Structures are given as structure tokens and as C-alpha cells.
Amino acid sequence: MEATPVAKSPQDLQQKIAFSEHVKRITEQIHAARDLDYILLDLRKEVLSVFDAEDLTIFAFDPEKKEIFSKAPHIDSVEEFRIPISEQSLAGFCAKYLRPVSIADAYNIAELQGVHPALVHDTTYDKRTGFKTKQVLTYPIVADNKYLMGVLQLLNKKTGGRFTRKDEESVAEIAKALGIAFFNLRKVSKKNPSKFDRLVANKHIAQSDLDNAIAESKKGQSDFEGILIEKYKVPKIEIGKSLAQFHKCPYIEYSERTLVDIELLKNLNVDYLKKNHWMPLKRDRTAIEILTDDPSDLDRVADIKRTFPGLNIRFAISLRRDIAQFLGSATGQGDSNPTRKLDENVSDILGELVNEAQEAATEDAGGGLDENDNAIVRLANQIIADAYRQGASDIHVEPYGEKRETLVRFRVDGDCFEYMKIPQSYRRAIVSRLKIMASLDIAERRKPQDGKIKFKLSDSKDIELRVATIPTAGYNEDVVMRILAASEPLPLDKMGFSDRNLTAIKEIAAKPYGIILCVGPTGSGKTTTLHSVLGFINTPDIKIWTAEDPVEITQYGLRQVQVQPKIDFTFAKAMRAFLRADPDVIMVGEMRDKETAEIGIEASLTGHLVMSTLHTNSAVETVTRLLDMGCDSFSFADAMLGVLAQRLTRRICKDCKEQYVGTAVEYEEIRQGYGQRGHF
């Protein structure tokens with residue numbers, strides 16, 4: 001008996017034609033795509049509309065990292081996520097074996113193992129988004145039937161229990177178009193890379209706007225980078241990164257912290273350098289580093305090699321405006337910091353010293369200048385002023401003898417960086433000048449000395465510096481200056497404590513007697529924390545005495561005393577005086593010895609609240625330290641209210657921070673460390 005085929009209704013044929021036209025239209029859009037991001041982001045919803053599915057992801061293959069990746073919009077940015085090519089995910093398995101996979105239940109282990117014994121469903125996406133994956137259809141995107149280009153993945157069939165053969169046929173047709181498009185885009189990107197591909201790829205500017213900016217710059221009215229920054233609001237650092245990626249050179253943005261070797265500029269015409277947009281930055285044992293906005297300019301490269309014959313050249317990318325700022329700062333022909341209040345530039349002063357060093361007939365220490373010379377005085381003042389303006393906590397002056405220049409370094413946010421180099425012939429003069437400012441003995445170079453400098457920044461601003469000199473090898477002296485800018489205490493709630501620690505600190509600070517210790521390394525903010533605690537309890541009904549060395553933070557309502565060890569007015573003697581001055585609370589800067597510690601414990605046991613700092617690495621070690629000092633264990637056990645061990649941590653800049661989405665491996669490490677619910 002022969003089966004008779006069922007005739008399709010006109011409505012079915014019409015739907016089939018409409019579906020085919022829809023697929024054809026999207027295929028044409030895929031072939032016309034101008035870049036990969038357009039397919040991954042902009043065409044995603046169009047492609048999804050072809051299928052009876054809740055979600056769709058288009059993955060592209062990264063041949064360098066051997067991963068597949070995709071992108072998704074996230075608030076005001078684009079989130080990229082990557083998947084290894086392995087059996088640890090359905091998409092990764094599809095990419096590895098170049099075979100489609102259709103799953104009715106992604107969480108059914110038996111069904112997964114029926115496809116491959118090692119196949120696993122990656123649940124990272126579900127956990128991150130709250131999406132519940134059920135049915136999955138993954139299809140490889142290939143070119144020439146053999147080259148992996150990516151993976152097309154459908155999630156959750158809207159009607160029915162799993163994806164049908166018709167769905168697979170439709171996916172195969174779209175995947176074929178994607179394979180051709182991906183292959184062509186890869187060829188184009190390899191053939192004609194652009195300097196600003198990164199800007200377009202990262203959505204900092206549209207390709208059409210970039211083309212308009214190029215056309216506008218060719219008219220000669222404005223430079224190209226200026227148009228991008230001012231008109232199209234492209235961040236300057238992103239332009240630099242794009243150029244660096246294209247030229248495969250590091251990008252160096254202008255910064256006052258970057259040291260320019262002015263010796264390299266001695267025989268060069270600054271106007272010529274500004275006009276041609278290049279300059280030598282520094283020299284090391286291997287090469288001279290040249291800043292330029294275009295290291296592919298052959299005529300410019302030839303000029304640079306003629307200028308430095310026989311030397312290795314290493315290029316770094318910098319924007320034209322950055323190069324101009326570097327040149328202005330190094331030569332004194334421009335103001336690198338428009339807010340600078342002093343009328344001096346360190347480069348100007350240093351240039352005077354270099355010229356005088358060249359003219360000096362002898363190699364005597366000081367090179368004809370002494371600590372009272374005008375240039376040395378101005379240089380010392382400017383170093384201190386610049387350190388304060390750059391937010392430095394310490395200034396290090398480090399002489400290296402007669403054969404190497406004296407190095408000046410600033411410590412900012414916990415890290416040191418080179419600020420400038422002073423000709424070696426002036427190492428004694430600058431050190432002596434700083435010692436004079438600190439009222440130290442300039443004739444004594446064999447032993448360390450301590451002092452202070454009161455420095456007037458302006459008519460309304462004074463700062464204080466704690467100075468330490470230390471004899472170093474080669475009969476040199478290092479000078480280290482800690483900037484002690486008087487400031488107001490931070491509110492306790494703004495200190496960044498965890499809720500648990502903040503509650504505990506407030507509870508013990510409200511006690512009428514006992515001892516509270518804040519411990520940690522030098523510069524970890526112990527005194528700042530204690531002043532915040534004092535600010536929390538500072539009310540008119542409480543009498544608070546403090547003994548400090550030095551008094552860095554001033555606070556109304558506190559009676560603050562500066563100890564003077566040189567005249568035998570120590571922390572211990574200050575505390576004995578406080579006990580006769582009707583105190584409620586006593587804060588002592590540091591418990592340096594047994595006497596101070598015992599007086600503090602005694603005061604806490606006789607109805608006073610005592611606060612102090614100690615140099616230990618942890619709260620537990622504080623007990624051991626007090627025992628090592630010889631304190632009575634029973635006494636301080638009764639007196640102790642709490643010990644806070646602290647460190648300073650860096651905070652991410654609120655203006656330039658970017659969201660980072662971790663990989664599956666990183667999320668797993670966090671889960672292993674903090675538990676399934678992620679208590680962190």
C-alpha cells in the first residue's frame with residue numbers, strides 16, 4: 001500500500017516563505033557586518049528572532065589564546081566573557097570537537113555523559129545572572145568546513161521539550177553565514193589594521209565619527225588627537241593605548257613624576273623637537289628611549305638615528321600634547337602644572353646647576369657652590385614644595401658619591417618613585433642646606449642627626465617636616481624628610497572599618513577606664529585612628545590629655561603636648577604630669593619602653609581611659625611584646641580593653657576604575673575560599 005503525501009496548506013507555505021526571507025535578510029546583515037562587535041552585540045537580537053528560543057549567544061574564536069569569547073552590554077559598558085575549549089562547557093565541547101550538541105536538560109548528568117563521559121554544563125552564567133538553563137543547542141561556526149570561527153548557542157526552547165531538527169537546520173544556515181563573515185573580518189583585520197581599531201572595538205567612538213574626525217583633521221584647523229578628545233570626548237589615555245597597541249610600543253602619559261634626562265636635550269633645538277613631535281626621555285645601559293607620536297614615520301626615525309649615531313633606539317608612544325608638556329617641563333619653557341603657586345621650576349634650577357657644573361674648572365665638592373648659594377636654596381625649597389603638592393609622605397635625598405648623580409625620591413601612596421637627579425658635585429651642598437633648615441650641625445657627618453623644618457608654602461599655609469640624616473658609604477649622608485602637614489581628624493565612621501570592628505571600637509571607647517592599643521608598622525595610620533576615636537568621645541564633659549611626638553593632628557577640645565626627648569621630657573614624664581592634671585582620657589603617642597607601659601597600665605587601673613600605639617605585627621603579638629617589656633601580666637590583663645592591628649590598603653581611583661568580570665576559575669577560587677554563598 002503506497003503512502004500518499006499530505007499536501008501543505010497555503011498558510012504553511014506562506015509561513016515557510018516568510019521564514020526563509022527572514023533568514024536571508026539576517027544572513028545579508030551578517031555578511032555586511034563592519035566588525036566583530038556588530039555581530040556579537042548589535043545583531044544578537046536579530047539572530048535570536050529567527051529561533052523559538054529564550055536566549056542566544058554568539059561566540060567568536062580567539063586563535064591567540066585558544067578560547068572562545070562573547071560580549072554582552074552591561075549598564076554603561078561592554079562585558080566580555082571567555083570559555084576554554086574543553087569538555088567543561090557545552091560551548092567549549094562544541095568548539096573542541098566541531099560537532100553540534102542538543103541537550104534536553106543541561107543539569108541531567110546522565111544525558112551529558114551520554115554525549116561524552118567528560119562533558120559538564122558550566123553553571124557560571126546561571127549563577128551570575130539568575131537564568132535557569134534547560135534545553136541547549138550548540139552549533140560550531142566554521143570556515144571551509146575545517147577552520148573553527150566560533151560557536152552559536154541557543155538556550156531554552158519556548159515550545160516543546162527540546163530543539164527540533166528544523167531548529168538545527170536553521171542554526172546550520174545562520175552558522176554558515178557567520179563562518180564566512182568571521183573569516184572575512186579576520187582577513188581584513190590582518191590585512192589593514194588601523195591605529196584606532198581599539199577605540200572602535202571598545203566603543204569609545206563609532207567608525208563613522210572616527211572617519212569624520214580624520215577628514216576634519218586633514219583640513220589643518222585642528223590636530224587629530226585634539227578633535228578626538230575635545231569634540232568626541234575620547235579619553236586621552238585610550239587614544240594612547242590604541243596607538244601603543246598598533247605600534248607595539250609602550251604608552252607614556254605626561255606626569256610630573258616621570259623623570260626626563262635633561263643631559264640628552266643639551267645639544268637639541270627645542271622648537272625643532274616640538275615641531276616634529278619627538279624627544280629623548282631617558283637613557284639606560286641598553287638604549288635611549290625616544291618619545292614620539294609616530295614611530296613608523298621613516299623620515300623622523302632617520303633624523304633620530306642621525307642625532308644619536310651608533311646608539312640603540314627604543315621607542316615609546318606619547319601624544320603630541322604630552323610631548324610638548326614633557327619638553328616644557330624639562331626645559332623650563334612651559335609650565336607643566338598650571339596650578340603651581342611658586343614662580344620656580346625645578347628643571348630651571350637644575351639647568352643652572354648643570355651649566356655651572358660644566359663651567360666649573362675643578363672637581364671640588366660643591367663645584368664652586370655651597371649650601372648658601374641662591375640656586376641651592378631655591379632647589380631645596382622647590383623639592384619640598386613639589387613633594388607636598390604631589391601628596392608625598394616622605395622625601396629621600398640619596399647621594400651616590402662623586403661618580404653618580406644624587407637621586408631624590410618621593411614616597412606617594414606607599415611607593416617610592418624617582419623625582420629628579422642632582423649633579424654629583426652638589427651632593428654636599430644640598431644635604432648641608434637641608435641640615436641648616438633643620439637646625440642641625442653641618443660639620444657632623446659621622447653620626448645620625450634628627451631635626452625639624454618649619455616650611456612656609458604660602459602666606460596662609462605652613463607645613464612641618466621631620467628630618468633624619470644618616471651617614472652612608474663613601475662618606476655621604478642621606479636625608480629623609482617626613483612631611484607632617486597639620487590636619488583635622490577623620491570621623492570614625494569614615495575610616496573604612498568593617499561594621500563588626502566599628503561597633504567594637506565604639507563600645508570600648510565609651511568605657512570609663514582601661515587601656516586601648518593600636519598596633520601596626522610605621523606609617524600604617526595608628527595615630528590617625530586614635531585621633532578619630534578621640535574625636536568620637538571628645539565632648540565638653542571629658543578632659544583629654546595627649547602626649548605626641550610630633551603633634552601632627554590638632555583637635556579642638558584636646559590638650560595636646562609635644563614631648564621633647566632632648567630635654568628629657570619623655571612620654572613617661574608627660575604621663576606622670578597628666579595624672580596630676582585631672583584627666584579622664586590620656587593618649588600617649590607610643591609605648592616605647594617599660595616605664596611608659598607601666599604608667600599607662602597603672603593609670604588605666606586607677607579610673608582613666610588610656611590610648612596608645614605600639615609597633616607589633618598583629619594584635620596577638622602585642623601581648624608578647626608587653627611581656628617582653630617586663631610588664632606585669634595580671635595588671636595589663638585586667639586593664640586591657642582591646643587591641644586594634646591595622647594596615648593601610650590602597651583604594652581604587654573612583655574616577656578611572658573599571659569593572660572586571662572574573663573568569664570561571666577565579667570565581668571558583670573565591671567560592672572555595674569563602675564558601676558557597678560568598679561571604680565577602
Side-chain angles (χ1 to χ4, degrees), residues 254-260 262 325-326 329-330 332 335-353 371 374-400 405-423 426-427 429-440 449-470 472 477-487 522-525 527-528 550-553 648 650 653:
Y254 174 76
S255 170
E256 289 185 339
R257 301 182 185 181
T258 303
L259 192 67
V260 178
I262 61 173
Q325 282 185 292
F326 274 121
S329 173
D335 192 358
S336 62
N337 183 358
T339 62
R340 187 187 301 277
K341 294 182 180 179
L342 298 182
D343 57 1
E344 290 282 355
N345 188 299
V346 168
S347 299
D348 295 339
I349 306 169
L350 198 56
E352 292 182 27
L353 295 179
E371 59 275 5
N374 181 46
I376 293 294
V377 172
R378 287 155 47 213
L379 180 61
N381 292 343
Q382 198 64 44
I383 288 173
I384 295 173
D386 281 355
Y388 176 79
R389 291 194 177 101
Q390 294 187 31
S393 60
D394 299 89
I395 306 168
H396 297 258
V397 181
E398 303 168 346
Y400 286 89
E405 295 169 304
T406 294
L407 182 64
V408 179
R409 296 196 290 169
F410 292 167
R411 184 183 295 279
V412 177
D413 294 336
D415 280 349
C416 289
F417 69 90
E418 291 186 8
Y419 164 68
M420 67 179 299
K421 291 180 180 178
I422 301 172
Y426 301 114
R427 66 190 187 283
I430 189 65
V431 169
S432 295
R433 177 60 199 167
L434 294 172
K435 290 171 72 173
I436 288 174
M437 295 172 71
S439 301
L440 302 178
Q449 298 184 66
D450 294 323
K452 289 181 182 175
I453 295 176
K454 287 191 175 180
F455 187 79
K456 194 173 188 66
L457 273 175
S458 63
D459 293 339
S460 59
K461 183 66 177 179
D462 292 340
I463 61 173
E464 191 173 49
L465 300 96
R466 188 169 60 201
V467 182
T469 66
I470 303 173
T472 50
E477 273 187 293
D478 276 33
V479 180
V480 180
M481 295 177 281
R482 165 69 59 89
I483 298 178
L484 309 172
S487 60
T522 301
S524 61
T527 302
T528 302
V551 176
E552 299 181 48
I553 300 173
L648 285 182
R650 292 185 171 194
C653 174

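This is a predicted model, so every value here is computed, not measured.
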> Under the side-chain contact (heavy atoms from CB on, under 4.5 Å) criterion, do H396 and D478 qualify, and how do the steps go?
Replying inline: CA-CA 7 Å; H396 297 258; D478 276 33; over 6 Å; no
> Does the side chain of I430 reach to within under 4.5 Å of the side chain of L379, using non-hydrogen atoms?
Replying inline: yes
> If every non-hydrogen atom of V412 is compared with every non-hydrogen atom of A392, which pair is closest and at what distance?
Replying inline: CG2-CA, 3.7 Å
>> Looking at every non-hydrogen atom in both residues, tell me the closest pair between V479 and L434 and how far apart they are.
In response: CG1-CD1, 4.1 Å
>> Once rounded to the nearest 0.5 Å, what's the spacing between atom CZ of F410 and atom CD1 of I383?
In response: 6.5 Å
>> As an exercise, state the distance from CZ of R411 to CG of D394, rounded to the nearest 0.5 Å.
In response: 6.0 Å
>> I need the minimum non-hydrogen distance between P399 and T406, along with the two atoms involved.
In response: CA-OG1, 3.6 Å
> What heavy-atom pair brings M420 and L407 nearest, and what distance separates the two atoms?
Replying inline: O-CD1, 3.7 Å
>> Within this structure, what is the CD-OG1 distance for the pair E477 and T472, rounded to the nearest 0.5 Å?
In response: 7.5 Å
> Between S393 and I483, is any pair of side-chain heavy atoms under 4.5 Å apart?
Replying inline: no
> Less than 4.5 Å apart, any side-chain heavy atom of F455 and any of N381?
Replying inline: yes
> So how far is it from I376 CD1 to R433 CZ, rounded to the nearest 0.5 Å?
Replying inline: 10.0 Å
> Minimum heavy-atom separation for P423 to E405, with atom names?
Replying inline: CA-CG, 4.4 Å
>> What verdict does the side-chain hydrogen bond (donor to acceptor under 3.5 Å, both in side chains) test give for D386 and Q382, after you've listed the backbone C-alpha separation in whole Å, the side-chain angles of each residue and the deciding distance to 0.1 Å?
In response: CA-CA 6 Å; D386 281 355; Q382 198 64 44; 3.3 Å; yes
>> Quick one, I384 with M437, criterion side-chain contact (heavy atoms from CB on, under 4.5 Å). Give me CA distance, side-chain angles, the key distance, then yes/no.
In response: CA-CA 11 Å; I384 295 173; M437 295 172 71; 3.8 Å; yes
>> Under the salt bridge (charged side-chain N to carboxylate O under 4.0 Å, His left out) test against E398, which residue among R409, R427, K421 passes?
In response: R409
> So, do Q390 and F417 sit near enough that their side-chain heavy atoms are less than 4.5 Å apart?
Replying inline: yes
> Minimum heavy-atom separation for D450 to A468, with atom names?
Replying inline: OD1-CB, 3.6 Å
